[in-house]
*Asks:* 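Sharing a structure, written as structure tokens. Questions coming.
It should be emphasised that the depicted structure is a prediction, and the values quoted were computed from it without experimental measurement.
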Amino acid sequence: MFFKNKKKLITAAACCLMLIPLSACNKNSNTKPNKINVVSSVNFYGDVAKQVGGKHVKVASIINSNVDPHDFEPTINDAKKVDKADVVIANGICYDDWMTNLIKNSNDKKQTDIDVGTLMHKKNGDNEHIWYDPQTMDKLANKLAAVYSKKRPQDKKLYYHNANFYRQKWSKTTALIKQIKKYSHGKYVAVSEPVFDYSLISMGYKISDNGFANAIEKGVDPSATDITHLQSDITHHKIAFFVNNIQASDPVVAGMVDLAKKNHVPIVNVSETKPPHKNYIQWMTGQYRQVLHAQKQ
């Protein structure tokens, strides 16, 4: 993760939310079906939710900016959003525990909760950056279509049509991944943190600096051995490129980036959160194209 001093979030503010009498009775009870109210913990899941639901859903993402979900502290308004939602999407596997707590405290028993980690058969301790797995959004789009169809059966065909259309658009990006894999030849790459690992593995690359990356992820100093090993891999061109999380601010990582540049090792810049001016597919495709460019170098 790209922020330091992480904590498993159960703050006093979050605890107080349990004492607040939130109620789902504010939902409109008119006979005419309203839009399906969807709340996601982070914006890249909200993006897919909107694409599948179209005009029949109202989507709100609690985190839309450069904020570490580990350290995020939900407000009372956030709790109300979750309580009033028809569908809630969380990453799970300890990435957004605060969202899990809000779901548990929700008064709406008809609410449908989607845990993406569970959907992808992941467990606590697995790499939590599952939105970088090329299969995740395919599965989430289908799951959303099924969930929406139960909420509004009359629009079932539309939801599955939208999900299939979304998957067709995403297939152009997965085709790019397959193109990259043809020429990766199982080469090693180094990463500042294990953010991009699922994508790298799908492209056929191997990670050379797991010790270094995991230390940065946890906000601790990498060992001298890990630092020396990575420096040697860079200076002796034992890696195809270096993946840098641009949302990190660590002097050791900055030093590795400078060393890579001096030794003409390509840099691939990635981010953990979706830029506000791009959708998920645009965001992913741009990063994969960087890999393709680095590969040609």
Side-chain angles (χ1 to χ4, degrees), residues 2 42-45 47-48 51-52 91 116 119-122 126-145 161-210 213 230 233-234 236-248 256-257 260-261 263-275 277-297:
F2 54 88
V42 284
N43 57 8
F44 38 84
Y45 293 138
D47 178 61
V48 181
Q51 295 291 325
V52 175
N91 186 80
V116 183
L119 184 66
M120 294 301 293
H121 306 291
K122 301 296 181 181
D126 290 338
N127 188 326
E128 58 208 12
H129 307 97
I130 48 179
W131 58 94
Y132 270 112
D133 184 328
Q135 298 181 43
T136 296
M137 294 310 183
D138 265 355
K139 292 185 178 181
L140 179 58
N142 282 341
K143 178 67 174 180
L144 285 165
H161 170 80
N162 289 348
N164 289 333
F165 182 66
Y166 181 85
R167 293 173 65 226
Q168 288 174 9
K169 290 192 295 182
W170 177 240
S171 68
K172 296 178 181 178
T173 302
T174 56
L176 179 59
I177 294 173
K178 292 177 182 178
Q179 179 184 351
I180 293 170
K181 189 174 183 178
K182 288 181 180 180
Y183 303 100
S184 61
H185 303 303
K187 293 179 180 177
Y188 280 97
V189 298
V191 300
S192 63
E193 299 174 68
V195 173
F196 199 52
D197 286 12
Y198 284 119
S199 290
L200 291 169
I201 293 170
S202 70
M203 289 183 280
Y205 289 103
K206 299 177 182 178
I207 314 300
S208 68
D209 65 332
N210 287 306
L230 180 52
D233 282 353
I234 292 173
H236 292 90
H237 292 86
K238 292 183 179 180
I239 56 173
F241 51 84
F242 182 78
V243 180
N244 177 43
N245 179 7
I246 59 174
Q247 291 173 311
M256 293 299 176
V257 172
K261 289 179 179 178
N263 286 273
H264 306 289
V265 173
I267 305 292
V268 173
N269 290 315
V270 301
S271 63
E272 187 163 349
T273 59
K274 182 180 73 66
H277 58 285
K278 294 182 179 180
N279 62 39
Y280 174 80
I281 293 178
Q282 291 170 336
W283 175 36
M284 291 293 115
T285 302
Q287 294 173 129
Y288 295 143
R289 284 176 177 163
Q290 285 189 61
V291 174
L292 183 62
H293 179 71
Q295 193 177 71
K296 291 179 178 179
Q297 287 181 280

*Asks:* Should we say atom CD of Gln282 is surrounded by more than 12 heavy atoms from elsewhere, each under 6.0 Å from it?
*Replies:* yes
*Asks:* So does Lys139 have more than 12 non-hydrogen atoms from other groups sitting under 6.0 Å from NZ?
*Replies:* yes
*Asks:* Out of curiosity, Thr285 OG1 to Lys278 NZ, how far, rounded to the nearest 0.5 Å?
*Replies:* 9.5 Å
*Asks:* Can you tell me how far apart NZ (Lys181) and CG (Leu176) are? Round to the nearest 0.5 Å.
*Replies:* 14.0 Å
*Asks:* State whether the number of non-hydrogen atoms from other residues, nucleotides or ligands found under 6.0 Å of His264 atom NE2 is greater than 12.
*Replies:* no
*Asks:* Indicate the ring-plane relationship of Tyr280 and Phe44, choosing parallel, tilted or perpendicular according to the 30° and 60° boundaries.
*Replies:* tilted
*Asks:* With a 3.5 Å cut-off and no angle check, do the side chains of Tyr198 and Asn127 form a donor-acceptor pair?
*Replies:* no
*Asks:* What distance do Lys206 atom NZ and Ile239 atom CD1 have between them, rounded to the nearest 0.5 Å?
*Replies:* 15.0 Å
*Asks:* About how many Å separate CG of Leu230 and OG of Ser192, when rounded to the nearest 0.5 Å?
*Replies:* 10.0 Å
*Asks:* With rounding to the nearest 0.5 Å, note down the distance linking CD1 in Ile281 to CE in Met137.
*Replies:* 9.5 Å
*Asks:* Could you walk me through whether Tyr288 and Ser199 satisfy the side-chain hydrogen bond (donor to acceptor under 3.5 Å, both in side chains) test, starting with their C-alpha distance in whole Å, then the side-chain angles of each, then the deciding distance to 0.1 Å, before giving a yes or no?
*Replies:* CA-CA 9 Å; Tyr288 295 143; Ser199 290; 2.7 Å; yes
*Asks:* Between Val270 and Ile246, is a side chain to side chain contact (heavy atoms under 4.5 Å, CB included) present by the stated rule, with each step listed?
*Replies:* CA-CA 6 Å; Val270 301; Ile246 59 174; over 6 Å; no
*Asks:* Within the 4.5 Å heavy-atom criterion, are Pro266 and Gln295 side-chain neighbours or not?
*Replies:* no
*Asks:* If we ignore hydrogens and angles and just use 3.5 Å, is the side chain of His129 paired with the main-chain N or O of Asp197 as donor and acceptor?
*Replies:* no
*Asks:* Please check this pair: side chain of Asn279 against backbone of Asp47, looking for a donor-acceptor N/O pair closer than 3.5 Å.
*Replies:* no
*Asks:* Just wondering, do Val42 and Trp131 contact through their side chains at under 4.5 Å, heavy atoms?
*Replies:* no
*Asks:* Might you point out which heavy atoms bring Thr136 and Val116 nearest each other, and give the distance in Å?
*Replies:* CG2-CG1, 3.6 Å
*Asks:* So, Glu272 side chain and Asn245 main chain: donor-acceptor pair closer than 3.5 Å or not?
*Replies:* no
*Asks:* Would you name the heavy atoms of Val195 and Ser271 that are closest together and state the gap between them?
*Replies:* CG1-O, 4.3 Å
*Asks:* Do Asp233 and Tyr188 come close enough that some side-chain heavy atom pair is under 4.5 Å?
*Replies:* no
*Asks:* Please check if the side chain of Trp170 supplies one atom and the backbone of Pro134 the other of a donor-acceptor pair under 3.5 Å.
*Replies:* yes
*Asks:* Got a second to check how far Arg289's CZ is from Ile180's CD1, nearest 0.5 Å?
*Replies:* 10.0 Å
*Asks:* Check Asp209 against Ala190 and note the closest heavy-atom contact, atom names and distance.
*Replies:* OD1-CA, 3.4 Å
*Asks:* Parallel, tilted or perpendicular, judged at 30° and 60°: which one describes the rings of His161 and Phe165?
*Replies:* parallel
*Asks:* Which atoms form the tightest heavy-atom contact between Ile177 and Met203, and what is the distance?
*Replies:* CG2-CG, 3.6 Å
*Asks:* Looking only at heavy atoms, what is the nearest atom pair of Ala240 and Val189, with distance?
*Replies:* CB-CG1, 4.0 Å
*Asks:* Within the distance-only criterion (no hydrogens, no angle test), does the side chain of His237 pair as donor or acceptor with the backbone N or O of Asn263 below 3.5 angstrom?
*Replies:* yes
*Asks:* Look at the rings of Tyr205 and Phe241 and say which category their plane angle falls in: under 30° parallel, 30 to 60° tilted, over 60° perpendicular.
*Replies:* perpendicular
*Asks:* For Asp138, what residues pass the salt bridge (Lys or Arg N to Asp or Glu O under 4.0 Å) criterion, not counting sequence neighbours?
*Replies:* Arg167
